[in-house]
Protein chains: 2
Amino acid sequence: MARKTKAEAAATREALLDAAEEMFIQHGVARTSLEQIARHAGMTRGAVYWHFKNKADLFHAMLQRVRLPFQDLVEALDDPELAKKPLEAIRLACISGFEHLERPRYRRVHAILIHHCEVFSDIDPLAMQNEMVEESCGALRDYFHCAARLGHLRDDIPPELAAQLLQSLLGGLFHDWLRNYERFSIYEEGTRLVKAQLSLMRASPSE
Amino acid sequence: MARKTKAEAAATREALLDAAEEMFIQHGVARTSLEQIARHAGMTRGAVYWHFKNKADLFHAMLQRVRLPFQDLVEALDDPELAKKPLEAIRLACISGFEHLERPRYRRVHAILIHHCEVFSDIDPLAMQNEMVEESCGALRDYFHCAARLGHLRDDIPPELAAQLLQSLLGGLFHDWLRNYERFSIYEEGTRLVKAQLSLMRASPSE
DNA sequence: AGGTATCCATACGCTTTTGCATGTAAAACG
DNA sequence: CGTTTTACATGCAAAAGCGTATGGATACCT
């Protein structure tokens, strides 16, 4: 086979990752062979082993194309007024997260990570999920603590509890949606649910 | 090998299922061979192929040992007074569900179904999860509708929304706990969160 | 322009796992 | 008590998938 230009090589690498996503979603990670991925991209296993060390390495590369830490979502809002309205910051960050998730690549990769792969070699999807949850839950706690100090939170709801409630709500919604994304839009449903939940926990204006 | 009595044969069948649970939890479903399961139960593959048609059949048998539909949890309460207190019925049913889930076998099998298996042959764990969610969410909706009619629900929260909020909350908590059950007790945390959430949605006694 | 590194296809050996076929000793049955 | 069926263990053939070694044509560099 003839050597390709650098741009072409990079393109085949992306094509392999795209093919891997589709096959992983369709047949699960463990049940798809490198041969299947290569064929689906119009290549052979040789291409795969050139660009990636093995299946775990390919999997890692696939994950690295999508990353969205909660903190970044808040900072991306970039509105100095939000420091004084932590509940609003939480709401907008959630909405921003929902927007990201509706992009096909983000949705696919997260669906793979959560629903279509088991532990294999050095990849532990549960540990990765724990990291994601840990990170976003920590950020939520900070904002709810801030809200409590400002008196924006109902005084019978400690900030820790508020963070846990919202965290579980988001997690449940996330899983439900990934399981069958065509049934509803996580952007619309998520916006509704988060708004409702926050309004339940917000201090009534009278006090 | 000598033939065993019928009771002994049934015992080895259970032993094989137990071994399968442990190996599936530890290494994932796809990565454990029938040989590993048999050896871990002190048997050979011959025993496995005698009791089960193949891996999918064994998997199905494993699932069939644990079943807990939401409706049964409510009926098991068997308290005629609860018909007049739907929110309390929901709370107690959730608590009862948490109790079931803390039993090792229930926890293990659900963890396998949700976190340690992909699609394989005719088994589709996502479809099973959808059934479970659909079933429990439907029951929740009924009870919240009942609560709304009785005026037990805040009038700014439609019963559908209340059901979705609680459903997502339960789902998120469930996934978090299964991911690492040693970190907290789903019975304690679940009781706390459900109580808090229901109290947020309950109509204030003044009205 | 020549040499070299790159990008990928092809081929080979190896391990793992599956499904079945066969063997067998004791339980179950009449 | 003899026969049949049960409840496995053992052995074998086949396929699948992985990792690597090799080959080859061309882009890239100096």
Side-chain angles (χ1 to χ4, degrees), chain A residues 1-24 26-62 112 116-123, chain B residues 1-24 26-62 112 116-123:
Chain A
M1 194 62 180
R3 177 179 176 184
K4 305 248 182 97
T5 160
K6 273 187 274 188
E8 285 174 326
T12 63
R13 186 190 138 100
E14 296 300 305
L16 287 173
L17 291 177
D18 289 343
E21 282 185 16
E22 295 182 22
M23 301 306 275
F24 286 165
Q26 202 164 352
H27 303 108
V29 175
R31 305 276 295 179
T32 65
S33 63
L34 296 181
E35 172 82 19
Q36 286 176 301
I37 294 174
R39 300 285 280 188
H40 194 254
M43 304 273 145
T44 69
R45 260 170 57 250
V48 176
Y49 276 100
W50 171 254
H51 286 286
F52 310 100
K53 188 181 173 186
N54 50 28
K55 199 196 226 179
D57 188 38
L58 184 149
F59 190 84
H60 234 105
M62 185 191 72
I112 291 168
H116 297 279
C117 79
E118 311 174 353
V119 248
F120 73 101
S121 71
D122 63 334
I123 302 264
Chain B
M1 194 59 182
R3 178 179 175 184
K4 303 249 184 96
T5 162
K6 274 188 274 189
E8 284 174 328
T12 64
R13 187 190 137 99
E14 296 300 304
L16 287 174
L17 291 176
D18 289 343
E21 282 185 15
E22 295 182 22
M23 300 308 276
F24 286 165
Q26 201 163 353
H27 302 108
V29 175
R31 304 276 295 178
T32 65
S33 63
L34 296 182
E35 171 81 20
Q36 285 177 301
I37 294 173
R39 300 286 279 186
H40 194 253
M43 303 273 145
T44 70
R45 259 170 59 249
V48 176
Y49 275 100
W50 172 254
H51 286 284
F52 311 98
K53 187 182 173 187
N54 50 28
K55 200 196 226 178
D57 188 39
L58 184 150
F59 191 84
H60 233 103
M62 186 190 73
I112 290 169
H116 297 280
C117 78
E118 311 174 352
V119 249
F120 73 103
S121 73
D122 62 334
I123 303 264

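Throughout, a chain's letter reflects where its sequence line sits, starting with A, and its residues are numbered from 1. Atoms considered below: every heavy atom in the structure, side chains included; atoms not considered: hydrogens, waters and symmetry mates.
- If you measure from atom CZ of B/Phe52 to atom P of C/dT18, you get 14 Å, rounded to the nearest angstrom.
- In terms of heavy atoms, B/Phe52 sits closest to B/Ala61 at CE2-CB, 3.8 Å.
- Of the candidate nucleotides C/dG19, C/dA9, C/dT17, C/dT17 has the atom nearest to the side chain of B/Ser33.
- Rounded to whole Å, atom C1' of C/dG19 lies 15 Å from atom CG of B/Leu58.
- Among the nucleotides C/dG19, D/dG17, C/dC7, the one closest to the side chain of A/Trp50 is C/dC7.
- Atom CZ of residue A/Arg45 and atom CD of residue A/Glu35 lie 6.0 Å apart, to the nearest 0.5 angstrom.
- Of the side-chain N and O atoms in A/Thr12, one or more sit less than 4.0 angstrom from OP1 or OP2 of C/dC8.
- In this structure, the nucleotide among C/dC7, C/dA9, D/dT10 sitting nearest to the side chain of A/Ala9 is C/dC7.
- Between B/Phe24 and B/Phe59, the ring planes are tilted. Angles from 30° to 60° get that label.
- Candidate nucleotides D/dC29, D/dG19, D/dA7 were compared by shortest atom distance to the side chain of A/Lys6, and D/dC29 ranks first.
- The side-chain heavy atoms of A/Leu34 and A/Lys55, taken from C-beta on, include a pair separated by under 4.5 Å.
- Rounding to whole angstrom units, CD of residue A/Glu14 and C1' of C/dC8 are separated by 17 Å.
- Both A/Thr44 and B/Glu8 sit near DNA chain C, but only A/Thr44 has its closest nucleotide nearer the 5' end.
- A close approach under 4.0 Å does not occur between any side-chain nitrogen or oxygen of A/His51 and OP1 or OP2 of C/dC7.
- Atom P of nucleotide D/dC8 and atom CZ of B/Arg39 are separated by 16 Å, given to the nearest angstrom.
- Using a 4.5 Å heavy-atom cutoff, the side chains of B/Thr32 and B/His40 are not in contact.
- Per the geometry, NZ belonging to A/Lys55 stands 10 Å off C1' belonging to D/dC18, to the nearest Å.
- We find that CD of B/Glu35 is positioned 14 Å from C1' of C/dG19, with the value rounded to whole Å.
- Of the candidate nucleotides D/dC18, C/dG19, C/dA27, C/dG19 has the atom nearest to the side chain of B/Arg45.
- Computed from coordinates, the B/Leu34 CG to D/dT10 P distance equals 17 Å when rounded to whole Å.
- Remark: P of C/dA26 and CZ of B/Arg3 are 12 Å apart, rounded to the nearest angstrom.
- An OP1 or OP2 oxygen of C/dC8 is reached within less than 4.0 angstrom by a side-chain nitrogen or oxygen of A/Lys4.
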